[in-house]
Amino acid sequence: HVQLVESGGGSVQPGGSLALSCAVSGRPGLRYSMAWFRQAAGQEREGVAAVDGTNGGTFYTESVKGRFTISQAYGKTTVSLQMNDLKPEDAATYYCATKSGSLWRNYELSSSIYNYWGQGTQVTVS
């Protein structure tokens with residue numbers, strides 16, 4: 001039974017930083033890829049960052065490039081999202097997600113390819 005638990009959310013002023021973490025239990029496979037999504041009130045869920053568990057490749061949505069960093073330590077069952085220079089538009093509930101194996105080309109930030117999801121952690125920027 002795969003479970004994902006996020007932590008690290010909170011409230012920060014614009015320009016501040018937060019680090020989110022997601023712990024995975026019940027491994028979804030020998031190698032698995034992970035991602036962070038976010039959903040603000042009244043908006044659709046958006047892919048923020050993803051890391052390919054088979055080759056370490058990372059992917060980011062344009063609005064967070066240069067500010068957010070996703071990392072998954074090899075062999076470790078955690079994925080982190082370091083968020084710097086936070087903006088009010090970054091405020092949302094952040095979810096981590098995982099899938100077994102590699103990411104699908106051009107679908108790295110699509111929620112449709114991920115099988116397991118966490119419950120979310122709230123990030124407020126104001």
Side-chain angles (χ1 to χ4, degrees):
H1 179 62
V2 178
Q3 285 189 308
L4 289 76
V5 179
E6 302 98 336
S7 61
S11 182
V12 66
Q13 293 184 342
S17 299
L18 280 175
L20 305 182
S21 183
C22 176
V24 182
S25 61
R27 293 169 63 124
L30 183 61
R31 296 283 187 267
Y32 49 96
S33 299
M34 301 194 71
W36 286 95
F37 288 76
R38 65 187 179 187
Q39 187 167 21
Q43 297 187 22
E44 293 187 357
R45 190 167 295 190
E46 172 191 28
V48 176
V51 55
D52 192 309
T54 64
N55 59 25
T58 57
F59 305 85
Y60 297 91
T61 192
E62 193 63 34
S63 64
V64 308
K65 286 180 180 178
R67 300 188 298 121
F68 291 12
T69 304
I70 189 171
S71 59
Q72 180 187 29
Y74 181 80
K76 302 295 184 182
T77 56
T78 59
V79 65
S80 301
L81 184 69
Q82 177 65 42
M83 305 185 293
N84 298 326
D85 189 23
L86 282 160
K87 305 177 186 300
E89 53 263 39
D90 294 318
T93 301
Y94 282 70
Y95 301 87
C96 68
T98 188
K99 67 174 294 295
S100 61
S102 61
L103 295 176
W104 297 2
R105 186 177 180 182
N106 297 326
Y107 287 84
E108 296 88 354
L109 297 178
S110 171
S111 60
S112 63
I113 71 168
Y114 295 91
N115 308 106
Y116 305 98
W117 294 81
Q119 294 300 307
T121 185
Q122 185 69 37
V123 171
T124 302
V125 184
S126 62

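Just so we're clear, the structure is a prediction, and the values are computed from it rather than from any experiment. Each residue takes its place number in the sequence, starting with 1.
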Atom pair CD/OG of E46 and S111 - distance to nearest 0.5 Å: 11.5 Å
Any side-chain heavy-atom pair from L20 and M83 closer than 4.5 angstrom? yes
In terms of heavy-atom contacts, Q43 and Q39 come closest through O-NE2, 3.0 Å
Looking only at heavy atoms, the pair that brings A35 and A50 closest together is CB-CB, 3.8 Å
Which is it for Q82 and S17 under the side-chain contact (heavy atoms from CB on, under 4.5 Å) test, yes or no, and what are the steps along the way? CA-CA 7 Å; Q82 177 65 42; S17 299; 3.9 Å; yes
Sequence neighbours excluded, which residues qualify as side-chain contact (heavy atoms from CB on, under 4.5 Å) partners of I70? W36, A49, V51, T58, Y60, V79, L81
Stepwise side-chain hydrogen bond (donor to acceptor under 3.5 Å, both in side chains) test for S63 and T61: CA-CA 6 Å; S63 64; T61 192; 4.5 Å; no
Run the side-chain contact (heavy atoms from CB on, under 4.5 Å) check on V123 and D90 step by step: do they pass? CA-CA 8 Å; V123 171; D90 294 318; 5.6 Å; no
Is there side-chain contact between F68 and D85, with heavy atoms separated by less than 4.5 Å? no
If every non-hydrogen atom of Y107 is compared with every non-hydrogen atom of S112, which pair is closest and at what distance? CD2-OG, 4.3 Å
Can we call the ring centroids of Y116 and Y32 under 6.0 Å apart? no
For the residue pair A92 and A40, what are the closest heavy atoms and their distance? CB-N, 3.8 Å
Can you get from Y114 to V2 by hopping between Ile, Leu, Val, Met, Phe, Trp and Tyr side chains that sit under 4.5 Å apart? no
With a cut-off of 6.0 Å (strictly less than), are more than 12 heavy atoms of other residues, nucleotides or ligands near CD of Q13? no
Please indicate whether Q119 has more than 12 foreign heavy atoms, meaning atoms of other residues, nucleotides or ligands, lying under 6.0 Å from its CD. no
What class does the angle between the rings of W117 and Y95 fall in, given that below 30° is parallel, 30 to 60° is tilted and above 60° is perpendicular? perpendicular
State whether the side chain of D52 and the backbone N or O of L103 hold a donor-acceptor pair below 3.5 Å, judged by distance alone. yes
Give the minimum heavy-atom separation between C96 and L4, together with the two atoms involved. SG-CD2, 3.4 Å
Contact summary for G8 and L18, nearest pair of heavy atoms: O-CD2, 4.0 Å
Rounded distance (nearest 0.5 Å) linking atom NZ of K99 with atom CD1 of I113: 5.5 Å
Donor-acceptor pair, T93 side chain versus Q122 backbone, under 3.5 Å? no
Roughly how far apart are F37 CZ and E44 CD, rounded to 0.5 Å? 12.5 Å
To the closest 0.5 Å, what do you measure between CG (N55) and OG (S33)? 7.5 Å
Is there a continuous path of hydrophobic side-chain contacts, each under 4.5 Å between heavy atoms, that joins M34 to V5? no
